[in-house]
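Taking it in order: structure first as C-alpha cells, then the write-up.
All figures in this text were calculated on a predicted structure; none of them were measured in a lab.
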Amino acid sequence: MTLDRYLQIRKRFETGFWVILAIAFFISGSIVQRMDANRHGIDIQNWEILSWEASSMIVVLALIPLILYFDNRLPLRWSNFKVSVPAHIGFSIVFSALHVAMMVGIRKVVYWFNHSFYDFGEISEQFFYEYLKDAQTYATVLVIVYLYRHLILRLQGEASLLDVSDTDAHKVAEVKPKRILVKKLGREFLIKVCDIERIEAAGNYVNIHIADRVYPLRETMIKIEQRLDDDKFRRVHRSHIINLDHLEEIKPFENGDARILLDSGDTVPMSRAYRKSIR
C-alpha cells in the first residue's frame with residue numbers, strides 16, 4: 001500500500017487500531033482476572049469479570065476522541081511544557097472521573113439485569129486506585145499518538161514557508177513566500193507556492209495539497225491566509241483555502257452555501273460568508 005493510498009483511509013485505520021487494541025486488552029484483562037480469582041479461591045462469575053473489563057474498555061474507547069481534542073487544543077511541546085504538562089495532568093483527572101462514572105454506571109446496569117448489585121466501594125479510596133491506572137492509560141494514548149504522528153510526518157514530509165526567518169516575526173504578514181521547503185526522510189526539496197491547489201485545516205496544522213501529495217505545515221489558517229497572495233488564494237470556508245487558478249465550478253445551494261469543484265476533481269465546501277470574496 002502506498003503512502004498516498006494509506007492517507008486516504010487513515011481515519012478508518014486509526015479507528016480500527018484503537019478498537020483492536022481495546023479488544024486485546026479486554027481479552028488479556030479478562031484472562032488475568034479469571035486466573036487471579038482461581039488462584040485465590042474467590043467465587044466470581046465469568047459474567048462479572050467480562051462486565052468489568054468490557055465496561056472499562058468501552059468507556060476508554062469512547063473517551064479517546066476527548067483526549068485527542070484536548071491535545072489538539074493544547075499540544076505537548078518544549079516551548080509550552082510549563083503550561084501544557086500541568087494542563088494535561090489536570091485533564092487526566094477529568095478523564096479518570098468520566099471513566100469511573102461511566103464505567104460504574106454500566107456495571108450497575110449489567111448487575112441489575114443479572115439480579116445482583118455492584119458495589120464500587122468507598123469512593124475516595126477507589127477513585128485514587130482507579131486514577132493511578134487511568135493516568136497510565138492517558139499517558140499511553142498520548143505516547144502512541146505522538147509516535148504515530150512523528151512516523152507519518154517522517155514519511156509524508158513536513159512543510160515550512162521560506163523567505164522569512166523565525167526572528168522576523170513582525171514581517172511575516174507582509175512577505176508573500178514563493179517557495180515551500182519540504183523535509184522528508186532526511187531530505188529537503190523546494191516546492192513553488194503557486195503549485196498549491198488547496199489548503200485545509202487539520203488541528204494544529206494545515207494540510208497543503210499539491211497534485212496527489214499532502215504536506216502538513218504547522219500554522220493556523222488565519223496566519224497562512226495572511227502569508228498568501230490574495231490575488232491567487234482565497235479563503236472559502238473556515239477550514240479551506242483554494243488556489244483560484246484551479247477553480248473549476250461553483251455549485252450554489254439554496255441556503256447560500258456552495259460546493260467548489262477543483263480541476264483535480266476534489267470538492268471543497270464554501271460558506272456563504274466567503275462567497276463575496278470570490279465574486
Side-chain angles (χ1 to χ4, degrees), residues 7 10-11 68-85 87-88 142 145-146 148-150 152-184 188-211 213-247 257-258 260 262 264 266-279:
L7 292 175
R10 64 179 295 184
K11 294 297 183 183
L68 299 180
Y69 173 79
F70 185 79
D71 181 66
N72 281 332
R73 301 280 294 183
L74 189 59
L76 292 165
R77 300 177 188 151
W78 287 114
S79 60
N80 70 348
F81 77 95
K82 291 183 179 179
V83 175
S84 60
V85 171
H88 274 276
L142 287 183
V145 168
Y146 276 81
Y148 171 70
R149 287 175 181 170
H150 177 72
I152 291 297
L153 289 178
R154 288 281 294 170
L155 295 174
Q156 186 179 6
E158 186 171 6
S160 59
L161 296 174
L162 297 182
D163 295 342
V164 179
S165 66
D166 294 336
T167 58
D168 294 331
H170 64 285
K171 297 180 181 179
V172 165
E174 301 175 5
V175 176
K176 308 300 181 184
K178 303 297 183 184
R179 298 174 298 279
I180 295 174
L181 176 66
V182 174
K183 296 180 180 180
K184 182 176 180 180
E188 298 181 353
F189 55 96
L190 296 176
I191 295 175
K192 294 180 180 179
V193 170
C194 62
D195 290 336
I196 296 175
E197 296 175 0
R198 63 187 179 93
I199 300 171
E200 63 177 336
N204 300 311
Y205 285 80
V206 295
N207 283 334
I208 297 175
H209 292 256
I210 301 177
R213 296 285 179 175
V214 181
Y215 302 106
L217 169 67
R218 188 179 288 276
E219 190 63 277
T220 65
M221 288 294 284
I222 292 177
K223 289 184 178 179
I224 192 67
E225 183 182 15
Q226 294 173 344
R227 298 289 305 277
L228 296 172
D229 184 355
D230 57 9
D231 287 336
K232 182 178 290 288
F233 294 93
R234 292 293 175 87
R235 192 166 184 176
V236 296
H237 186 273
R238 63 184 179 86
S239 300
H240 296 276
I241 295 173
I242 66 166
N243 184 336
L244 295 176
D245 290 343
H246 293 276
L247 175 59
D257 294 340
I260 290 177
L262 301 178
S264 63
D266 290 343
T267 58
V268 176
M270 172 185 276
S271 302
R272 58 178 177 270
Y274 293 98
R275 287 187 66 179
K276 291 183 179 179
S277 67
I278 296 296
R279 294 196 186 102

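Annotation for S84 and P75: closest pair CB-O, 3.6 Å, computed over non-hydrogen atoms. The two residues L76 and Y146 make their nearest non-hydrogen contact at N-OH, 2.8 Å. Closest approach of Y205 and P216 over heavy atoms only: CD2-CB, 3.7 Å.
With hydrogens and angles ignored, the 3.5 Å screen pairs no side-chain donor or acceptor of S271 with any backbone N or O of Y274. Looking only at distances, no side-chain donor or acceptor of N243 sits under 3.5 Å from a matching main-chain atom of F233. H209 contributes no side-chain N or O that, together with a main-chain N or O of Y215, makes up a donor-acceptor pair within less than 3.5 Å. A distance-only check finds a donor-acceptor pair linking the side chain of R234 to the backbone of D230 [under 3.5 Å].
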Test log, rule side-chain contact (heavy atoms from CB on, under 4.5 Å), inputs I208 and E200
CA-CA 7 Å; I208 297 175; E200 63 177 336; over 6 Å; no
Show your reasoning for whether side-chain contact (heavy atoms from CB on, under 4.5 Å) applies to R235 and M221.
CA-CA 9 Å; R235 192 166 184 176; M221 288 294 284; 3.6 Å; yes
Worked check of side-chain contact (heavy atoms from CB on, under 4.5 Å) between V236 and I241:
CA-CA 6 Å; V236 296; I241 295 173; over 6 Å; no
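Side chains of I199 and N207 form no contact here, defined as non-hydrogen atoms less than 4.5 Å apart. Side-chain atoms of M270 and D257, non-hydrogen and from C-beta on, never get closer than 4.5 Å to each other. Between R179 and L190, the closest side-chain pair of non-hydrogen atoms falls below 4.5 Å. Residues I260 and T267 form no side-chain contact, since every pair of their non-hydrogen atoms from C-beta on lies 4.5 Å or further apart.
Distance check: H246 NE2 to S264 OG gives 8.0 Å after rounding to the nearest 0.5 Å. I196 CD1 to D245 CG: the interatomic distance, rounded to the nearest 0.5 Å, is 12.0 Å. Expressed to the nearest 0.5 Å, how far NZ of K232 lies from CG of L244 amounts to 8.5 Å. A distance of 4.5 Å separates CZ of R198 from CG of D266, quoted to the nearest 0.5 Å. With rounding to the nearest 0.5 Å, the separation of CG in L217 from CG in L181 is 11.0 Å. If you take OG1 on T220 and CD on Q226, they are separated by 7.5 Å, rounding to the nearest 0.5 Å.
Under the rule for a ring-ring contact (aromatic ring centres under 6.0 Å, His included), the partners of H240 that lie at least two apart in sequence or sit in another chain are H237.
For R238, the CZ atom is loosely surrounded, since the number of other residues' heavy atoms within 6.0 Å does not exceed 12.
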